[in-house]
Amino acid sequence: MTTNREIHLASRPQGWPTADNFRLVTTEVPTPGPGQIVVRNRFISVDPYMRGRMNDVKSYVPPFALDAPLDGGAIGEVVASEAEGVKPGDTVLHGLGWREYALVDARAARVVDPSLAPVSAYLGVLGMTGLTAYAGLLDVAAMKPGETVFVSGAAGAVGSMVGQIAKLRGAGRVVGSAGSPAKVERLRALGFDAAFDYHDGPVRDQLRAAAPDGVDVYFDNVGGEHLEAAIGAMNLHGRAAICGMIAQYNATEPPAAPRNLALLIGKRLTLRGFLVGDHGHLREQFVQEMAGWLRDGRIRYDETVVDGIENAPEAFLGMLRGENLGKMLVRV
């Protein structure tokens, strides 16, 4: 192959993104220079945080550039190498997704063993997704055995891992919210003690019914009404790991909730935002423990796979609409 297709950001979204914000561009397959490799991507990840990078605002990571390829987690096969220690045929994990072929600095790629798990798992349960769930629950929120855990967006890639890890680490009760009856049933099948569809009524009321003795740990992927409900339900010295707030990523007006932040004082609550990149020290421990759970069949994971780089924008939009079960991936 001599041609490469990649997805560029054509314009910055105002509110909800549309297909018009993206452009499919054909380029030449790159040639590696010293210390570089060319990777034929097999799977790319589309994730909620990418919506924030489409805005031209200061954040913890630079915004995507206009008229340039987007980036994100990807895994693929090395087809050319000018780097020591990485050879053609190796499978590598890297950060230049949204394209068929990627020119990668070898220092920014990690060779993985494709015999240990399906390669797509390195973008999900064995990768950033799994580590986010593990670090947020056990390090940031410091969950202890016997505690009650509430997870919003619980049928997503991160949320579904949080609930299962909580049970494996001894949580007394795990509750999840999701956006459809099918997702609620899936959460129950994954071992959640209770789950509810947030479309069925106020989150506050459904959470009270599902966790009558209150919540000790809240893992937040949603924000808004969910965060307000969790604050109201949390017990003394409760902790919340704030991973994402997808409910307001596409909002053009300030969020209406939470309106009960004063409860943090009397309940002595801790709400802590975090980024998975700050928890690299846990990676070895996480991989060892997660690999054991996978080998023993104690962790299950879901993937929603869309085929074709040309369909990456629609996969991303579908993820924002909640159409995925588990990790949303594009098979390139």
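Starting from 1, each residue takes its place in the sequence as its number.
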Have R51 and N250 got a donor and an acceptor in their side chains that come within less than 3.5 Å?
-> yes

Under 4.0 Å between a Lys/Arg side-chain N and an Asp/Glu carboxylate O for E147 and R169?
-> no

Centroid-to-centroid, H226 to Y198, below 6.0 Å?
-> yes

Salt bridge (Lys or Arg N to Asp or Glu O under 4.0 Å) assessment of D302 paired with R186 | CA-CA 10 Å; D302 296 303; R186 180 56 177 163; 2.9 Å; yes

How are the rings of Y134 and W293 set relative to one another: parallel (under 30°), tilted (30 to 60°) or perpendicular (over 60°)?
-> tilted

Please check if I242 and F150 belong to a single hydrophobic cluster, counting links between Ile, Leu, Val, Met, Phe, Trp and Tyr side chain heavy atoms closer than 4.5 Å.
-> yes

So, do L207 and V175 sit near enough that their side-chain heavy atoms are less than 4.5 Å apart?
-> yes

Applying the 4.5 Å side-chain criterion to the ILVMFWY set and letting contacts propagate, would W16 and L70 be lumped into a single cluster?
-> yes

Step by step, work out the side chain to side chain contact (heavy atoms under 4.5 Å, CB included) result for V86 and Q36.
-> CA-CA 9 Å; V86 185; Q36 295 180 321; over 6 Å; no

Heavy-atom donor-acceptor pair, H8 side chain to A10 backbone, under 3.5 Å | no

Considering only heavy atoms from C-beta outward, does the side chain of V149 approach that of V151 to under 4.5 Å?
-> yes

Identify the two heavy atoms, one from G97 and one from A74, that lie closest to each other, and give their separation to 0.1 Å.
-> CA-CB, 3.7 Å

Assess the side chains of K327 and T304: does a donor N or O sit below 3.5 Å from an acceptor N or O?
-> no

Could you tell me whether the side chain of R321 reaches within less than 4.5 Å of the side chain of F316, counting heavy atoms only?
-> no

Could you point out which residue of V332, V29, N41 forms a side-chain contact (heavy atoms from CB on, under 4.5 Å) with Y101?
-> V29

With hydrophobic residues grouped by side-chain heavy-atom distances under 4.5 Å, do V112 and V39 end up in a single group?
-> no

Does H94 use its side chain to pair, donor to acceptor, with the backbone of V104 at less than 3.5 Å?
-> no

For the side chain of T129 and the backbone of V125, is there at least one donor-acceptor N/O pair under 3.5 Å apart?
-> no

Note, M234 side chain near D216 side chain (heavy atom, < 4.5 Å) | no

Could you tell me whether the side chain of R99 reaches within less than 4.5 Å of the side chain of P69, counting heavy atoms only?
-> yes

To the nearest 0.5 Å, atom CG of N21 lies from atom CG of L317 at 8.0 Å

Report yes or no: do L123 and L116 belong to one cluster of Ile/Leu/Val/Met/Phe/Trp/Tyr joined by side chain heavy-atom distances under 4.5 Å?
-> yes

Hey, is the main chain of G326 close enough, under 3.5 Å, to the side chain of N324 for a donor-acceptor pair?
-> yes

Going by atom types alone, do S177 and Q206 pair a side-chain donor with an acceptor below 3.5 Å?
-> no

Nearest heavy-atom approach of L103 to T31 is CD1-O, 3.9 Å

How far apart are the C-alpha atoms of I165 and F286, what are their side-chain angles, what is the distance that settles it, and do they pass the side chain to side chain contact (heavy atoms under 4.5 Å, CB included) test?
-> CA-CA 11 Å; I165 294 170; F286 154 72; 5.5 Å; no

Can any side-chain N or O of K267 pair as donor or acceptor with the backbone N or O of I231 at less than 3.5 Å?
-> yes

For L190, which of R300, K167, M161 qualifies under side-chain contact (heavy atoms from CB on, under 4.5 Å)?
-> R300

Judged by atom type as modelled, is there a donor-acceptor pair below 3.5 Å linking the side chain of Q164 to the main-chain atoms of S160?
-> yes

Salt bridge R259-E228, side-chain N to carboxylate O under 4.0 Å | yes

Ignoring hydrogens and angles, state whether a donor on the side chain of D220 or S152 is under 3.5 Å from an acceptor on the partner side chain.
-> yes

What closest approach, in Å, do A133 and V158 show between heavy atoms, and which atom pair accounts for it?
-> CB-O, 3.7 Å

Side-chain (R42) to main-chain (G76) donor-acceptor, under 3.5 angstrom | no

Do R5 and E310 have side chains that get closer than 4.5 Å, going by heavy atoms?
-> yes

Does R53 make a cation-pi contact with F64 (under 6.0 Å, within 45 degrees of the axis)?
-> yes

Straight-line distance of Q285 CD to D139 CG, nearest 0.5 Å = 9.0 Å

Kindly say whether V57 contributes a backbone atom to a donor-acceptor pair with the side chain of N55 at under 3.5 angstrom?
-> no

Hey, mind stepping through D193 and R173 against salt bridge (Lys or Arg N to Asp or Glu O under 4.0 Å) and telling me if it holds?
-> CA-CA 6 Å; D193 298 291; R173 186 169 181 79; 5.0 Å; no

Kindly say whether K87 contributes a backbone atom to a donor-acceptor pair with the side chain of D90 at under 3.5 angstrom?
-> yes

Look up atom OG1 in T132 and atom OH in Y49, then write down how far apart they are to the nearest 0.5 Å.
-> 10.0 Å

Would D278 and L275 count as a side chain to side chain contact (heavy atoms under 4.5 Å, CB included) if you check the C-alpha gap in whole Å, the side-chain angles of each, and the deciding distance to 0.1 Å?
-> CA-CA 6 Å; D278 295 335; L275 298 175; 4.1 Å; yes

Hydrophobic cluster identity match, V78 and I44, side-chain contacts under 4.5 Å | no

Rounded to the nearest 0.5 Å, what separation is found between the CG atom of L227 and the CG atom of N221?
-> 11.5 Å

To the nearest 0.5 Å, what is the distance between CG (L294) and CD1 (I299)?
-> 6.5 Å

Short question: side chain of E225, backbone of V203 - any donor-acceptor pair under 3.5 Å?
-> yes

At their closest point, which heavy atom of S45 faces which heavy atom of L329, and how far apart are they?
-> CA-CD2, 4.2 Å

Is there a salt bridge (Lys or Arg N to Asp or Glu O under 4.0 Å) between E77 and R40 once you walk through the steps?
-> CA-CA 5 Å; E77 180 182 339; R40 173 63 169 95; over 6 Å; no

Which heavy atom of A106 sits nearest a heavy atom of I37, and at what distance?
-> CB-CG2, 4.3 Å

Locate the shortest heavy-atom distance separating F219 from L137; write the atom from each residue and the value.
-> CE1-N, 3.8 Å

Less than 4.5 Å apart, any side-chain heavy atom of P114 and any of T91?
-> yes

Let me see the working for D105 and R107 under salt bridge (Lys or Arg N to Asp or Glu O under 4.0 Å), right down to the final yes or no.
-> CA-CA 5 Å; D105 186 328; R107 293 173 299 181; 2.9 Å; yes

Could you go through the side chain to side chain contact (heavy atoms under 4.5 Å, CB included) check for I309 and E6 one step at a time?
-> CA-CA 7 Å; I309 190 66; E6 52 193 33; 6.0 Å; no

Kindly indicate whether the side chain of F43, heavy atoms from C-beta on, has any atom under 4.5 Å from the side chain of S120.
-> yes

In terms of heavy-atom contacts, does CD of Q14 have more than 12 from other residues, nucleotides or ligands at under 6.0 Å?
-> no

Supply the atom-to-atom distance D56 CG to L9 CG, rounded to the nearest 0.5 angstrom.
-> 10.0 Å

